[in-house]
Amino acid sequence: MSALLEVSGLNKHFGGLHALRNVSFSIAPGEIVGILGPNGAGKTTLYNLLTGFIPPDSGSVVFNGRTLRGLAPYRIAGLGISRTFQLCRPFGGMSVFENVVVGGLGARRSARADLAARALALLTQVGLGGKDQLQVESLSYGDQRRLEIARALAAKPALLLLDEPFAGLGSGEIADLSALIRGVHTEQGLTVMLIEHKLHEFMRLVGRVIALDFGDVIAAGTPEDIVRHPAVIEAYIGRGDAQEHAGAA
């Protein structure tokens, strides 16, 4: 099966900081892939490069056989990539319903039919049914997270990028949101990339992990392989502790 997303040799500098260094990987249709790494590893920078918010210094991103380099974010969204953000970014001064409708306006033209009905259905799907006419400012933080996912799904993406969807949520909210993500992945066959620091929930959701540290890919494999990988252990708990952990294992 050909890759849905093919990333080759991505590099990005910010002044003297090498935020991403020769990052390469591919994602097949229908996968759910986790992007793992400590703060500053380059995870959100990677998302920003994939979605056109910042340009790479070098390297290529090919989605569904089409190169994305040089395309504006709205063009990339129209090709079938949607994302959420590390910090919730609802459209202020608008209703919950209007936020989701606006998210669908960037969809491929064939996905725009019955956008209002789709927005209402998505709000029900993410647990916001009955809250469609509320102003977004009145939503709890957990509900804003759900709204972000509904807005991203409104464009009928082929690839959904989630950036720390569990941040700031309680255990019950996380369980509900995990079930939602698993549902859109399994029931709709949606390909998902996930950044998350809550490792227990993260490892239960993803089928494959790509681990970053200081802009480099340091490991890739199943969750079971990654949690035992010496470079990943070192990135999270330090060299000395990693050696001790390895000895204990």
Side-chain angles (χ1 to χ4, degrees), residues 3-12 14 17-54 56 59-63 68 73 76-77 80-88 145 148-149 152 157-169 174 177-178 180-182 184-185 190-229 231-237:
L4 177 67
L5 181 73
E6 187 78 36
V7 176
S8 301
L10 274 191
N11 284 277
K12 184 63 184 179
F14 297 104
L17 173 66
H18 205 157
L20 288 178
R21 191 192 319 268
N22 295 322
V23 169
S24 299
F25 62 87
S26 62
I27 295 180
E31 280 197 285
I32 178 165
V33 176
I35 307 298
L36 181 67
N39 289 330
K43 305 182 298 299
T44 296
T45 297
L46 173 63
Y47 272 20
N48 287 337
L49 290 172
L50 297 180
T51 52
F53 283 82
I54 57 175
S60 65
V61 179
V62 176
F63 176 69
L68 301 185
I76 293 174
I81 300 180
S82 291
R83 69 173 294 182
T84 65
F85 292 86
Q86 191 172 8
L87 298 176
C88 294
R145 285 286 181 194
E148 281 242 315
I149 294 175
L159 174 62
L160 176 64
L161 311 183
L162 299 174
D163 195 347
E164 296 191 34
F166 303 143
L169 302 185
I174 289 172
L177 196 52
S178 292
L180 170 63
I181 295 168
R182 190 176 290 108
V184 298
H185 170 245
L190 183 61
T191 307
V192 179
M193 289 178 65
L194 173 68
I195 295 171
E196 185 51 61
H197 286 295
K198 296 186 185 297
L199 296 185
H200 179 70
E201 293 80 7
F202 174 90
M203 292 298 185
R204 292 180 64 187
L205 270 174
V206 303
R208 187 162 61 94
V209 180
I210 298 164
L212 297 174
D213 191 32
F214 292 110
D216 292 302
V217 175
I218 58 172
T222 66
E224 293 78 12
D225 292 336
I226 290 297
V227 297
R228 295 177 175 85
H229 197 288
V232 176
I233 296 170
E234 180 181 329
Y236 271 93
I237 64 177

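Here the structure is a predicted model, which means the values were calculated and not measured.
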Measuring from [X]:[atom1] to [Y]:[atom2], what's the distance to the nearest 0.5 Å?
{"X": "T45", "Y": "L17", "atom1": "OG1", "atom2": "CG", "answer": "8.0 Å"}
{"X": "E6", "Y": "L68", "atom1": "CD", "atom2": "CG", "answer": "12.0 Å"}
{"X": "L46", "Y": "M193", "atom1": "CG", "atom2": "CE", "answer": "5.5 Å"}
{"X": "F166", "Y": "E201", "atom1": "CZ", "atom2": "CD", "answer": "6.5 Å"}
{"X": "L10", "Y": "R21", "atom1": "CG", "atom2": "CZ", "answer": "13.5 Å"}

For this session: Report yes or no: is the cationic atom of K12 (NZ for Lys, CZ for Arg) under 6.0 Å from the centre of the six-membered ring of F14, at an angle within 45° of the ring normal?
Result: yes
Exercise. Distance under 6.0 Å and angle within 45° of the ring axis: does R208 meet both against F25?
Worked result: no
For this session: Could you check F53 against T44 for side chain to side chain contact (heavy atoms under 4.5 Å, CB included), going step by step and ending with a plain yes or no?
Result: CA-CA 11 Å; F53 283 82; T44 296; over 6 Å; no
Check whether any side-chain heavy atom of [X] lies under 4.5 Å from a side-chain heavy atom of [Y], and answer yes or no.
{"X": "E31", "Y": "L4", "value": "no"}
{"X": "V217", "Y": "L212", "value": "yes"}
{"X": "P223", "Y": "V209", "value": "yes"}
{"X": "L50", "Y": "F63", "value": "no"}

For [X] and [Y], which heavy atoms make the closest approach, and how far apart are they?
{"X": "S82", "Y": "P157", "result": "OG-CB, 3.5 Å"}
{"X": "I174", "Y": "L169", "result": "CD1-O, 3.6 Å"}
{"X": "L36", "Y": "I226", "result": "CD2-CG2, 3.7 Å"}
{"X": "R182", "Y": "L205", "result": "NH2-CD2, 3.6 Å"}
{"X": "L162", "Y": "Y47", "result": "O-OH, 3.1 Å"}
{"X": "D163", "Y": "R145", "result": "O-NH1, 3.8 Å"}

Using modelled atom types only, decide if a donor and an acceptor are shared between the side chain of [X] and the backbone of [Y] within a distance under 3.5 Å.
{"X": "K43", "Y": "A211", "value": "no"}
{"X": "N11", "Y": "G9", "value": "yes"}
{"X": "Y236", "Y": "G37", "value": "yes"}
{"X": "R228", "Y": "E224", "value": "yes"}
{"X": "H185", "Y": "T191", "value": "no"}

For this session: Mark yes when over 12 heavy atoms from residues, nucleotides or ligands other than F214 sit less than 6.0 Å from its CZ; otherwise mark no.
Result: no
Exercise. What's the verdict on side chain to side chain contact (heavy atoms under 4.5 Å, CB included) for N39 and H197, showing C-alpha distance, side-chain angles and the deciding distance?
Worked result: CA-CA 9 Å; N39 289 330; H197 286 295; 3.2 Å; yes
Problem set entry | L49/I54 under side chain to side chain contact (heavy atoms under 4.5 Å, CB included): CA gap, chis, key distance, verdict | CA-CA 5 Å; L49 290 172; I54 57 175; 3.7 Å; yes
Problem set entry | Stepwise side chain to side chain contact (heavy atoms under 4.5 Å, CB included) check, I35 with L161 | CA-CA 10 Å; I35 307 298; L161 311 183; over 6 Å; no
